[in-house]
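First the structure, in the form of structure tokens, and then the observations on it.
In what follows, residues are counted from 1 in the order of the sequence shown.
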Amino acid sequence: MPRSEQGAALSRTEQKRLVGSLVDALQDRIGEGEIGVGSWIRQDRIAEEYGVSRTPVREALRQLEALGVVEIIANRGARVKLPSMRDIAQVFEVRGVLEGHAAWLAARNIGQSQLDLLKETGAWFEDVIGWAARGTEDAMAKARADWFRANGTFHATVIAASGNHQLEVAIDQLHRRLPRGLTWTALGGDPRLLKENAEDHARIRRAIEDQDGELARQLTIGHSDRARELILMRSGELS
């Protein structure tokens, strides 16, 4: 079927799902640095890569523009946008409040399997510190991969344990407003900073386990604040 007819052949639900998958895929590639800040995203090339028409690609880029990930310039296309320091600060501030509330709810609602998973991430964070201490290129690549796994699993588990789907959606949208990996980049593979980061997560987990929702909330907000400050400091050094 010609691509020009493809959009018409898809139901509205299928079109929405296709656009959503393109948004996710492009955000992942931007976040991982495959499509760098300032790079142009060509509709024809993306359509060819994913075997779709230009229509869903165009809509995906519009959604990414609404999220602040790209900017669309007339007659030129879409370009990956560098978040301003103000954007970063504001997103982390709001995200800290929302994730703090999620931690407060998790202290009331978390199940044993979710709590066990949080405990398991503690060992993963320790592995990250060990790999980073080796300092070789391969070890740092392993540390990065393990940190993303541990950090992503920890926060996703706490948010899921809150039992509030709308809160989960709101936090996910905030995550999408910034390139992935900002915190890891700011940590810089420094074993000392990684140890502090691991201890933050451990304290939050213990507060949730103790069903101390207010402490879990305060610790989560503090954790987000420290990440924000580190990112902004690192951004200032690189500017």
Side-chain angles (χ1 to χ4, degrees), residues 1-83 87-88 90-92 94-95 98-99 101-102 105-106 109 111 113-114 117 121 145 148-184:
M1 178 183 297
R3 285 181 183 164
S4 61
E5 300 176 14
Q6 184 184 49
L10 295 176
S11 70
R12 182 172 298 181
T13 299
E14 290 171 331
Q15 290 179 40
K16 185 176 180 180
R17 185 180 301 116
L18 175 59
V19 171
S21 67
L22 287 171
V23 170
D24 289 343
L26 290 172
Q27 278 195 304
D28 284 345
R29 292 173 66 179
I30 291 168
E32 294 295 332
E34 181 183 342
I35 304 176
V37 171
S39 298
W40 291 95
I41 302 177
R42 306 298 180 188
Q43 291 184 23
D44 288 343
R45 183 178 301 172
I46 296 299
E48 183 175 352
E49 285 183 22
Y50 290 95
V52 299
S53 70
R54 292 178 60 184
T55 300
V57 175
R58 185 162 53 248
E59 178 57 30
L61 291 175
R62 285 174 181 161
Q63 291 190 20
L64 288 172
E65 182 182 40
L67 292 170
V69 177
V70 305
E71 55 183 344
I72 296 177
I73 300 176
N75 302 318
R76 298 196 66 184
R79 182 169 59 186
V80 179
K81 184 179 176 183
L82 175 66
D87 289 339
I88 293 171
Q90 290 182 346
V91 168
F92 268 85
V94 176
R95 200 169 81 184
L98 294 182
E99 291 199 12
H101 186 58
L105 289 171
N109 301 323
S113 62
Q114 292 169 318
L117 185 54
T121 64
F148 271 96
R149 178 191 180 207
N151 190 68
T153 301
F154 184 94
H155 289 281
T157 301
V158 171
I159 294 165
S162 75
N164 187 320
H165 177 66
Q166 295 305 317
L167 183 60
E168 188 171 359
V169 170
I171 293 171
D172 181 64
Q173 289 300 315
L174 281 172
H175 274 285
R176 293 172 181 272
R177 287 188 173 274
L178 298 177
R180 289 173 55 195
L182 281 178
T183 302
W184 171 259

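With respect to the salt-bridge test (charged N to carboxylate O, under 4.0 angstrom), the residues Glu65 and Arg62 do not qualify. The pair Arg79-Glu71 meets the salt-bridge criterion, since a charged nitrogen lies less than 4.0 angstrom from a carboxylate oxygen. Look at Arg29 and Glu49 and you find a salt bridge, because one of the NZ, NE, NH1 or NH2 atoms lies within 4.0 Å of a carboxylate O, short of that distance.
The CZ atom of Arg58 lies 13.0 Å from the CD atom of Gln63; values are rounded to the nearest 0.5 Å. A distance of 8.5 Å separates CD1 of Ile159 from CG of Asp172, quoted to the nearest 0.5 Å. Taking NE2 of His175 as the start and CG of Leu182 as the end, the distance is 11.5 Å to the nearest 0.5 Å.
The two residues Leu174 and Val91 make their nearest non-hydrogen contact at O-CG1, 3.7 Å. Of all heavy-atom pairs between Thr157 and Gln114, the closest is CG2-O, 3.6 Å. Contact detail for Ala170 and Leu98: the closest heavy-atom pair is CB-CD1, 4.2 Å. Heavy atoms only, all atoms of each residue included: Asn109 and Ser162 are closest at ND2-O, 3.1 Å. Counting all heavy atoms, side chain and backbone alike, Val57 lies closest to Leu22 at N-CD1, 3.9 Å. In plain terms, the two heavy atoms of Ala25 and Tyr50 that are nearest each other are CB-OH, 3.6 Å.
Ile73 has its side chain within reach of Trp40: a pair of non-hydrogen atoms, C-beta onward, lies under 4.5 Å apart. With contacts defined as side-chain heavy-atom distances shorter than 4.5 Å, the pair Asn151/His155 qualifies. Side chains of Glu99 and Ile171 form a contact here, defined as non-hydrogen atoms less than 4.5 Å apart. At a threshold of 4.5 Å between non-hydrogen side-chain atoms, the residues Leu167 and Leu105 count as touching. Taking 4.5 Å as the limit, some side-chain heavy atom of Thr183 sits within range of a side-chain heavy atom of Phe92.
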TODO: Step by step, work out the side-chain contact (heavy atoms from CB on, under 4.5 Å) result for Gln27 and Leu67.
DONE: CA-CA 10 Å; Gln27 278 195 304; Leu67 292 170; 3.9 Å; yes

- [ ] Begin with the C-alpha distance, continue with both residues' side-chain angles, and end with the deciding distance and a verdict on side-chain contact (heavy atoms from CB on, under 4.5 Å) for Leu61 and Leu26.
- [x] CA-CA 9 Å; Leu61 291 175; Leu26 290 172; 4.2 Å; yes

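For Ser39 (side chain) and Ile35 (main-chain N/O), no donor-acceptor pair under 3.5 Å exists by modelled atom type. Glu14 places a side-chain N or O within donor-acceptor distance of the main-chain N or O of Ser11, the cut-off being under 3.5 Å. Ser21 places a side-chain N or O within donor-acceptor distance of the main-chain N or O of Leu18, the cut-off being under 3.5 Å.
The environment of Arg45 atom CZ is sparse: at most 12 non-hydrogen atoms of other residues, nucleotides or ligands sit within 6.0 angstrom.
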